[in-house]
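Sequence lines set the chain letters: A, B, ... in the order given, protein chains first and strands last, and positions in each chain run from 1. Keep in mind that this is a model prediction, so the values were computed, not measured.
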There are 2 protein chains.
Amino acid sequence: MQNSGPAPSPGDLPPRGRGRPRAFDRDAALTQAMHLFWRKGFAATSISELTAAMGIGSPSLYAAFGSKEGLYAEALRHYREQYEARVWGNFTGAPTARAAVEALLMDTAAALTEVCAPDEPRGCMVTLSAVGSEGHTELGECVRAARARGFEAVAERLSRAAAEGELSASADIPALARYVMTVQGGLSLQTRDGASRPELEAVAQLAMAGWDARVGG
Amino acid sequence: MQNSGPAPSPGDLPPRGRGRPRAFDRDAALTQAMHLFWRKGFAATSISELTAAMGIGSPSLYAAFGSKEGLYAEALRHYREQYEARVWGNFTGAPTARAAVEALLMDTAAALTEVCAPDEPRGCMVTLSAVGSEGHTELGECVRAARARGFEAVAERLSRAAAEGELSASADIPALARYVMTVQGGLSLQTRDGASRPELEAVAQLAMAGWDARVGG
DNA sequence: CCATTTCTGTGTCGTTCGATACAGAAAGAG
DNA sequence: CTCTTTCTGTATCGAACGACACAGAAATGG
């Protein structure tokens, strides 16, 4: 279908096409789809619900996103682009591993309870997604890979801390990283069940007490 | 439909009826349904998948369980009856609050990675259930209530410990209980993503280090 | 102006969904 | 045996599902 002859636009970067222009805001529609998938999950969200929330007809949806799976994949990417920095922004630049982990957990507590839109669901879309268990292997790999990236980021930061002497060489870095990710994921579960920001922050502080006890803060 | 005239059987306790006997094992069929709901969730599991796994026709399913929601509710009850004791059994009789919490987390790590059947899903069915977000409010209340019971059990045990002097009177019991439940829920997320029993136990031990640091173990 | 390209709205495709009607089979009650 | 009751298997219901055909509308290129 596409790429017949030399493509005038090598990618999607210049959206200035030739035919009738799109009548809806692609990003705004994607945001609405993201909210629906986020709240109800993949299987429980129907195309008619999506088109109603996005304010478009189903042919426009399929022309713009390809399929329901494609729309979910884009909604997931949209979610990560929009929220990942709020959780990992201070982690990256923190001077010590301990400060990085504390920033991660505290920023997670803040981001999970921050209301950016009135109909935003509670809990992280990546952490709570069950799309992999619903039979859609490819989408499941997307969310699992996103979750694995978090673990890797923490483990790499701890390895650096071990090399720099902040952590003892005998520290069990994978176990520490998994502990941090366990608490971070648990915060999403607590948020889904109605926990408030101070409650989440108290959990994060208790988790840091565990860090100090084991690592020696 | 039912209860026309004085019921000869006041409940479902005597299954000895009058007509043609049921040709399938109700509990075995319920176990199969539980596995499917557990693995794929409510919305992504269809009646035809259920009847195929249970080895019965759809009229038998509806006669025995009423509806898809009713079947899920019974599967959830079946799950709790079968697995709750493995997680909370040692918690109840532990001599101290610390021992109770440690038993809870260590037994959770063990139960989550114990393979009782070859096709058992990974992670706790209650913790990972998203049925409440899929639009089924009543079932959502069931799983949320089950999760809340865990928090209450820990909080009550900690209150007793405070009354007995094990915990200082200034201890923030709800925060401690929420911390424990956060880690416990996080263990289910880790299990779903492939963590092993030793890995979960290492997380549990790190969480107990946090307990000791804050409570003074 | 016209040709080409792309998007929109209506309508609908075939499938699958959850849920039953119905007739026959298998048990107890008399 | 006959009557009643309950379960089983076939066959199917209306509704909703994901996805698309088609014609018309709205833009650019010449």
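To the nearest angstrom, P of D/dC17 lies 14 Å from CD of B/Glu134. For the pair B/Leu36 CG and C/dC17 C1', the computed distance is 16 Å after rounding to whole Å. What separates CZ of A/Phe24 from P of D/dA27 is a distance of 15 Å, to the nearest Å. Computed from coordinates, the B/Phe65 CZ to D/dC7 P distance equals 12 Å when rounded to whole Å. As rounded to whole Å, 13 Å separates atom P of C/dG9 from atom CG of A/Leu61.
At distances below 3.5 Å, not a single donor-acceptor pair connects side-chain atoms of B/Arg192 with backbone N or O atoms of B/Arg122.
Side-chain atoms of B/Ser58 and base atoms of C/dT20 include a donor and an acceptor less than 3.5 Å apart. Judged by distance alone, with hydrogens and angles left aside, B/Arg18 brings no side-chain donor or acceptor close enough to the base of C/dA27 to form a pair under 3.5 Å.
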Salt bridge (charged side-chain N to carboxylate O under 4.0 Å, His left out) evaluation trace for B/Arg197 with B/Glu114: CA-CA 8 Å; B/Arg197 174 169 175 176; B/Glu114 195 178 2; over 6 Å; no
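Of the candidate nucleotides D/dC7, D/dG9, C/dA19, D/dC7 has the atom lying nearest to any side-chain atom of B/Arg20. Here the side chain of A/Pro59 is nearest to one of D/dA19, D/dA21, C/dG18, namely D/dA21. Here the side chain of B/Tyr62 is nearest to one of D/dA27, D/dT8, C/dG18, namely C/dG18. Listed nucleotides D/dA26, D/dG18, C/dA19 differ in distance to B/Glu69; the shortest reach to its side chain belongs to C/dA19. Nearest to the side-chain atoms of A/Ser46 among the listed nucleotides C/dT8, D/dC17, D/dT8 stands D/dC17.
Checking B/Ser129 against B/Tyr72 by side-chain atom types alone, a donor-acceptor pair falls below 3.5 Å. Using modelled atom types and a 3.5 Å distance limit, the side chains of B/Tyr62 and B/Thr51 yield no donor-acceptor pair.
The cationic group of A/Arg22 lies under 6.0 Å from the six-membered ring centre of A/Phe24 and within 45° of the ring axis, placing it in a cation-pi geometry.
Nearest-nucleotide assignment on DNA chain C puts the 5′-proximal partner with A/Gly19, out of A/Ala63 and A/Gly19. When each of A/Glu49 and A/Gly66 is assigned the nucleotide of DNA chain D bearing its nearest heavy atom, the one mapping closer to the 5' terminus is A/Glu49. Positionally, the nearest nucleotide of DNA chain C for A/Gly57 lies more toward the 5' end than for the other of A/Gly57 and B/Lys68. Position along DNA chain D of the nearest nucleotide to A/Thr45 versus B/Ile56 favours B/Ile56 as the more 5'-ward residue.
Between A/Ser60 and C/dC7, a side-chain N or O to OP1/OP2 separation shorter than 4.0 Å is absent. An OP1 or OP2 oxygen of C/dT16 is reached within less than 4.0 angstrom by no side-chain nitrogen or oxygen of B/Ser48.
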